[in-house]
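Written out below as structure tokens is the structure these notes cover.
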Number of protein chains: 2
Amino acid sequence: MELHNIRKPMSAIILSHPETRDPISPEDFFQQSKLFVEKQLDMLLQENTVPSQQLISAARYSLLGESKKLRPMLLLAAVRTLGGRVEKALNTACAIEMIHTYSLIHDDLPCMDDDDFRRGKPSLHKAFSEAHAVLAGDFLLTYAFEVIANDPLLTNIQKVKLIALLAKNSGAEGMIAGQVLDMEAEGKTIGREDLQEIYQYKTGALITASLEMGGIIADASKPVLQALQNFGNDIGLAFQIVDDILDVTSSVAKHGKKVSSDVTNDKMTYVKLFGIEKAKLTACKLIESGKRHLEEIPGDHHLLISLADYVTK
Amino acid sequence: MELHNIRKPMSAIILSHPETRDPISPEDFFQQSKLFVEKQLDMLLQENTVPSQQLISAARYSLLGESKKLRPMLLLAAVRTLGGRVEKALNTACAIEMIHTYSLIHDDLPCMDDDDFRRGKPSLHKAFSEAHAVLAGDFLLTYAFEVIANDPLLTNIQKVKLIALLAKNSGAEGMIAGQVLDMEAEGKTIGREDLQEIYQYKTGALITASLEMGGIIADASKPVLQALQNFGNDIGLAFQIVDDILDVTSSVAKHGKKVSSDVTNDKMTYVKLFGIEKAKLTACKLIESGKRHLEEIPGDHHLLISLADYVTK
């Protein structure tokens, strides 16, 4: 879609001032936000006048490939819902996508999950090399923090809060913890509580962070940040359960990565514990529970509700 | 060394107020700073109440092992030289050691330099597993930014400047660039300029960053930050040339890692280009050039001069 094909210039729709902006449909918002994020990611990786083009090519291969951009969407939707300026959140949205992408690159390595496909094409270590995959992942992780620290539209206190929150939720109290716990549970019989804990850290932490970071950019109050966190916890867990279901029901073409990799890696999943039907039911219940937390948040919730529904699709 | 064995309590010596503090010998300063940094690193990895103790054990294995702590020393010495408060710099000193350590962990991986020994003991991927090494490296990289963002003694503007500088110098315009260029140059014949560029990024960038970060914490002026950067460029390059020399002359026991790994990996080095004697001479000249830059910095330079001399020992 070209800019001139949109009825109104994109900037007038998603970047308009909170007090003068028109209502927007979820479809328009997500389509336009995705384009904006992709354009900004592209720019951030060009701007970076680095000595090794090979490193940037590797990072671009993974970062600019097909992706739902769920985490940036959650962040931007939270900002818009709370009456904040979406343009202030664009770099942070890119930063969270960089963190998510680096985690996938490292997770696919032979010494980790050993996945040869990701997002419908060869994983980075297959397309380039293992060493490039390690370093491109390290770069994206580092660059995420640099992008926030250098953002010209955020205040210093916002930057510090965003960096602290992103680091916490992607580190040893968040995503990385989940990956270690996940790896250590391989081949073991674990129950629902342990599995939920792994999911909470591995997937939930970054999804929750995306929403809370949107709250920080929109200068949300503590109760609102808490409500966003509760919403994120529920839809994050639902998202991982849906991923378990897709792992056994989908095709490489549709799911974009090797199907049944959880089976190959002897990992416990919600589907193995409860079967597909019960897993689907749990995901739906979590989405409903998540939506109830939105009632504690001011504003029109239709964008966040759409994203919650999108998780189970 | 126990606290009660020091003539004066350590806090009175290295943490004393700039206006009331006594002169300190380089030996006392470095010995005490090293102890403080090690104690703080230990605390930062305990404080972190994380769900996976295995991840913390892996990080501690590499982070708390034998190390010269050169980068933290440079940072703390810069702060002291400029009349700043050393205690304000302790967490940042730990952060830079975390970045340095993560880079060694990832660099030692089989798909990278494939080094089985580091700092006189098995590399992390040999002591734990490759997956633990990838994740512990990711954790230390992430945690470095978190530690600075949560520092209670720094202002928000200082934190943002420190994070931006650290990310830049350890990312695709710094250390990671150096690692990619280094890897891409393997087996190729490169000249002095290309080799110096690789060293500048791979080793110089983080050494320079350590000094500049000390300057930021001491609220140094731009010309002083520039002088610190120039000093860092020279001693950083000297440090890498000395490392090349040690790679062919030292033993595992002394150097702490596999000797002649550069030969095994078919890497170009200063020693291969110019021979040991010329390499030694170049390192000495760089140290002298570095010291001259200190003249543009106010205060007593004896700590930074000692560190410059230490690089060639």
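These figures come from a predicted structure and were not determined experimentally. In what follows, chains are A, B, ... by sequence order, proteins preceding strands, each numbered from 1.
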Quick one: closest heavy-atom pair of [X] and [Y], and the distance?
X      : Y      : answer
B:L141 : A:D138 : CD2-O, 3.8 Å
A:I176 : B:L135 : CG2-O, 3.8 Å
B:C111 : A:A131 : O-CB, 3.4 Å
B:T142 : A:A167 : CG2-O, 3.4 Å

If the condition is salt bridge (charged side-chain N to carboxylate O under 4.0 Å, His left out), which residues does B:E197 pass it with, not counting sequence neighbours?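 Partners of B:E197 under the salt bridge (charged side-chain N to carboxylate O under 4.0 Å, His left out) test: none.
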Which pairs would a plain distance check flag for residues 208-216 of chain A, meaning a side-chain donor or acceptor within less than 3.5 Å of a matching protein atom at least two apart in sequence or in another chain?
unit_1 : atom_1 : unit_2 : atom_2 : d
A:T208 : OG1    : A:G204 : O      : 2.8
A:T208 : OG1    : A:N233 : OD1    : 3.4
A:S210 : OG     : A:L206 : O      : 2.7

So for B:N150, is it side chain, backbone, both, or neither that comes closer than 4.5 Å to the heavy atoms of chain A?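 Side chain of B:N150 only, per the 4.5 Å heavy-atom cut-off to chain A.
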Given a strict heavy-atom distance threshold of 4.5 Å, which part of B:L109 is in contact with chain A: side chain, backbone, both, or neither?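 When you check distances to chain A, only side chain atoms of B:L109 fall under 4.5 Å.
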Applying side-chain contact (heavy atoms from CB on, under 4.5 Å), name anything that partners A:A144, two or more places apart in sequence or on another chain.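 Expected list: A:A95, A:M98, A:I99.
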[atom2] on [Y] to [atom1] on [X], rounded to 0.5 Å:
X      : Y      : atom1 : atom2 : answer
B:E173 : A:S52  : CD    : OG    : 12.0 Å
A:S170 : B:F139 : OG    : CZ    : 11.0 Å
A:M112 : B:S129 : CE    : OG    : 9.0 Å

Which one, B:H125, B:E184, B:M175, B:Q54, leads in non-hydrogen pairs under 4.5 Å with chain A?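 Looking at each of B:H125, B:E184, B:M175, B:Q54 in turn, B:E184 comes out on top.
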Heavy-atom cut-off 4.5 Å, strictly under: side chain, backbone, both or neither for A:H132 against chain B?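 For A:H132, the contact with chain B is made by backbone and side chain together.
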Residue by residue, which of residues 154-164 of chain A have a heavy atom closer than 4.5 Å to a heavy atom belonging to chain B?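 Against chain B, the residues of residues 154-164 of chain A that fall inside the cut-off (heavy atoms, under 4.5 Å) are A:N156, A:I157, A:K159, A:V160, A:I163, A:A164.
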